[in-house]
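Just the heavy atoms: all of them, side chains too, but no hydrogens, waters or symmetry mates, feed the values below. Within every chain, numbering begins at 1; the chains are lettered A, B, ... in the order of the sequence lines, protein sequences first and strands thereafter.
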2 protein chains.
Amino acid sequence: MQSDDAKTRRREIPEASLRRLPIYYRFLQKMAVDGVVRVSCADLARGLGLDPTQVRKDIEMTGIVGKPRFGYPLVHLIGWLENFLGWNRAKSAVLAGAGSLGSALLGYEKFRKHGMEIMAVFDIDGAKIGQRIHGKEVQPLGFLPDFVRRTHTLLGLIATPADAAQSVADLMVTGGIRAIWNFAPAHIRVPERIILQNEDLYHSLASLSFKLERQLGAPPFESEISYAKDH
Amino acid sequence: MQSDDAKTRRREIPEASLRRLPIYYRFLQKMAVDGVVRVSCADLARGLGLDPTQVRKDIEMTGIVGKPRFGYPLVHLIGWLENFLGWNRAKSAVLAGAGSLGSALLGYEKFRKHGMEIMAVFDIDGAKIGQRIHGKEVQPLGFLPDFVRRTHTLLGLIATPADAAQSVADLMVTGGIRAIWNFAPAHIRVPERIILQNEDLYHSLASLSFKLERQLGAPPFESEISYAKDH
DNA sequence: TAGATTGTTAATCGATTAACAATC
DNA sequence: TAGATTGTTAATCGATTAACAATC
């Protein structure tokens with residue numbers, strides 16, 4: 001059914017599909033190292049132990065056109081994915097929070113290869129301000145909005161304690177940030193236009209803990225055979 | 001085809017709902033501090049800026065019974081959620097990888113309040129072995145399976161580089177671990193009985209990056225044209 | 001050609017949202 | 001009581017899975 005309103009033409013991209021693309025991307029890179037020159041969705045599914053139909057749909061969603069009976073030129077597909085995700089276009093970011101997690105994030109050199117560069121770090125703790133972490137000097141948190149404004153930074157990472165997260169998010173929004181990647185275990189609220197990605201460990205821990213206890217036979221209700229599904 | 005055996009009629013717990021429970025849980029704790037003694041789902045929804053119907057469904061899913069016109073006694077609901085998620089029952093864990101992320105995880109004291117206690121740390125790097133991190137002495141990775149076996153550890157955390165993740169997961173499974181929380185940016189495969197929770201930052205980064213570029217007006221589908229031409 | 005693989009459409013499944021009944 | 005809130009059922013929506021057509 002094509003309601004070909006040329007305007008509403010944009011396909012809706014499922015979040016879950018987007019989140020699977022890095023899995024394919026990495027596997028493709030490994031294949032490239034091995035000298036492989038072409039790849040089919042079936043190859044990907046086999047190699048990763050995933051459902052072939054799902055892989056097909058995910059790849060197709062990116063809009064790449066392949067050849068029946070052939071698949072995709074490997075390097076072309078890699079480049080396609082990089083372009084699709086914007087991983088080949090640099091986006092600057094700021095980081096709030098220079099604790100252990102913040103420092104770890106600052107040390108992830110691979111972020112840059114994935115289109116994200118942390119330009120500056122901010123903290124409220126006087127003892128940390130002025131210190132250098134992975135080559136970046138920690139600045140006072142209050143400087144953040146102006147820095148964001150001056151440099152047109154798009155992305156803000158929050159790695160502060162939970163109780164500071166909301167106010168830091170507000171600072172970022174004030175400065176004109178467009179997207180927030182929140183690592184603090186806190187529910188923050190932002191204007192609708194702001195893209196918010198939460199990386200709250202306790203969300204995962206809840207799921208993991210519940211499933212683990214269920215599997216062990218601990219009784220929320222009746223324990224039952226759990227059919228494991230995705231990975 | 002689901003057999004509606006009235007007795008073994010276990011409700012299916014949606015993953016997404018599980019992952020939202022910590023949000024409610026935290027908000028309830030804040031309310032408790034403020035001296036509130038009862039709460040309705042509408043209160044939660046309002047306070048958190050979430051959809052009331054969804055909150056209702058999520059809370060109902062946990063099996064708690066409330067009173068119409070009243071809601072739930074606040075403390076009772078908090079305790080109920082803790083019990084439902086298993087956060088009031090200690091589960092031991094091991095950590096593989098004593099790098100910056102591993103160290104940060106080790107330092108999260110709140111994990112213990114959420115039912116998880118990291119009992120031991122392992123690394124393959126001779127320079128790290130023997131060091132103490134947050135009071136835990138780093139042990140050789142090879143000791144991991146035996147430790148897990150001896151102590152009946154349920155949960156394994158992987159915070160190694162990507163290329164070590166699969167072999168570490170295998171070690172954990174060998175030792176008899178029941179669930180793996182994988183922080184390495186790697187797709188790992190485990191037997192079906194093993195619960196696997198991935199915390200892959202690049203999954204999120206893909207989603208975030210794509211959405212950000214789309215919002216900025218960057219053209220994923222326009223570039224498609226230039227690529228499509230070359231074959 | 002034959003058949004593997006892409007491309008596309010349909011069916012199924014599950015989660016969200018909406019509607020409404022029960023009840024304190 | 002009245003009406004706010006829980007409890008439950010139905011409708012909608014979206015994603016996954018399956019089926020099949022096109023094509024190189």
Side-chain angles (χ1 to χ4, degrees), chain A residues 1-4 8-21 23-24 36-74 76-77 80 203 207 221 226-231, chain B residues 1-4 6 9-21 23-24 36-74 76-77 80 203 207 221 224 227-228 231:
Chain A
M1 179 71 145
Q2 292 115 326
S3 60
D4 270 298
T8 52
R9 171 94 186 89
R10 181 197 291 166
R11 246 170 299 186
E12 208 38 62
I13 306 293
E15 171 81 13
S17 291
L18 281 176
R19 296 181 63 91
R20 279 189 296 266
L21 293 181
I23 301 174
Y24 311 142
V36 178
V37 296
R38 69 179 229 199
V39 63
S40 73
C41 293
D43 294 336
L44 280 172
R46 225 177 351 257
L48 289 162
L50 298 175
D51 178 67
T53 309
Q54 189 172 63
V55 175
R56 280 276 313 113
K57 265 288 203 249
D58 289 342
I59 296 297
E60 198 221 336
M61 166 203 80
T62 68
I64 192 171
V65 177
K67 281 187 198 161
R69 186 75 220 275
F70 177 87
Y72 310 87
L74 186 72
H76 179 237
L77 180 51
W80 185 273
H203 295 188
S207 165
F221 302 125
S226 64
Y227 53 97
K229 219 177 62 178
D230 65 60
H231 285 142
Chain B
M1 200 72 78
Q2 183 91 325
S3 61
D4 274 311
R9 183 174 128 75
R10 184 178 56 107
R11 248 168 296 186
E12 206 40 62
I13 306 293
E15 173 81 11
S17 291
L18 281 176
R19 295 181 64 90
R20 279 189 295 266
L21 292 182
I23 301 174
Y24 310 143
V36 179
V37 296
R38 69 181 230 200
V39 63
S40 73
C41 293
D43 294 336
L44 280 171
R46 226 178 348 258
L48 290 161
L50 298 174
D51 179 68
T53 309
Q54 189 172 64
V55 176
R56 279 277 312 115
K57 264 288 204 247
D58 290 341
I59 296 297
E60 198 221 336
M61 166 203 81
T62 67
I64 192 172
V65 177
K67 281 187 198 162
R69 185 77 220 274
F70 176 88
Y72 309 87
L74 186 72
H76 179 236
L77 179 52
W80 185 274
H203 294 188
S207 164
F221 287 131
E224 156 182 353
Y227 269 96
H231 73 90

Euclidean distance, atom [atom1] of residue [X] to atom [atom2] of [N] [Å, nearest integer]:
| X | N | atom1 | atom2 | answer |
| --- | --- | --- | --- | --- |
| B/Tyr72 | D/dA4 | OH | P | 17 Å |
| A/Leu21 | D/dA15 | CG | P | 14 Å |
| B/Glu15 | C/dA15 | CD | P | 9 Å |
| A/Leu50 | D/dT16 | CG | P | 12 Å |
| B/Ile64 | D/dT6 | CD1 | P | 10 Å |
| A/Met61 | C/dT8 | CE | P | 15 Å |
| A/Asp43 | C/dT6 | CG | C1' | 13 Å |
| A/Asp58 | C/dT6 | CG | P | 13 Å |

For [X], give me all partners under side chain to side chain contact (heavy atoms under 4.5 Å, CB included), at least two apart in sequence or on another chain.
| X | value |
| --- | --- |
| B/Ala16 | B/Arg20 |
| B/Pro52 | B/Ala45 |
| B/Pro73 | B/Phe70, B/His76 |
| A/Pro68 | none |

Of all residues at least two apart in sequence or in a different chain, which pass the side-chain hydrogen bond (donor to acceptor under 3.5 Å, both in side chains) check with B/Ser207?
A/Glu15, B/Lys211
Only counting residues at least two apart or in another chain, list the ones meeting side-chain hydrogen bond (donor to acceptor under 3.5 Å, both in side chains) with B/Arg38.
none
Tell me the stems DNA chain D sits in, counting at least three consecutive Watson-Crick or G-U wobble pairs, each under 3.5 Å on both distances.
C:3-24 with D:3-24
How long is the gap from SG on A/Cys41 to CG on A/Leu77, to the nearest 0.5 Å?
8.0 Å
Do nucleotides 18-24 of chain D as a string where each nucleotide becomes B, S or -: B if the base has a protein heavy atom under 4.0 Å, S if just the sugar-phosphate does, - if no protein is that close.
B----BB
Taking only residues two or more places apart in sequence, or in another chain, which ones meet B/Arg69 in a salt bridge (charged side-chain N to carboxylate O under 4.0 Å, His left out)?
none
Closest to the 5' end of DNA chain C, once B/Pro14 and A/Phe70 are matched to their nearest nucleotides, is A/Phe70
Given C/dG7, D/dT16, C/dT6, which nucleotide is nearest the side-chain atoms of A/Glu60?
C/dG7
Considering only heavy side-chain atoms of A/Gln54, the closest of C/dT6, D/dG7, D/dT17 is D/dT17
Heavy atoms under 4.0 Å, any strand shown: does A/Arg38 hit a base, just sugar-phosphate, or nothing?
nothing
Could you tell me whether the side chain of B/Trp80 and the main chain of B/Thr62 form a donor-acceptor pair under 3.5 Å?
yes
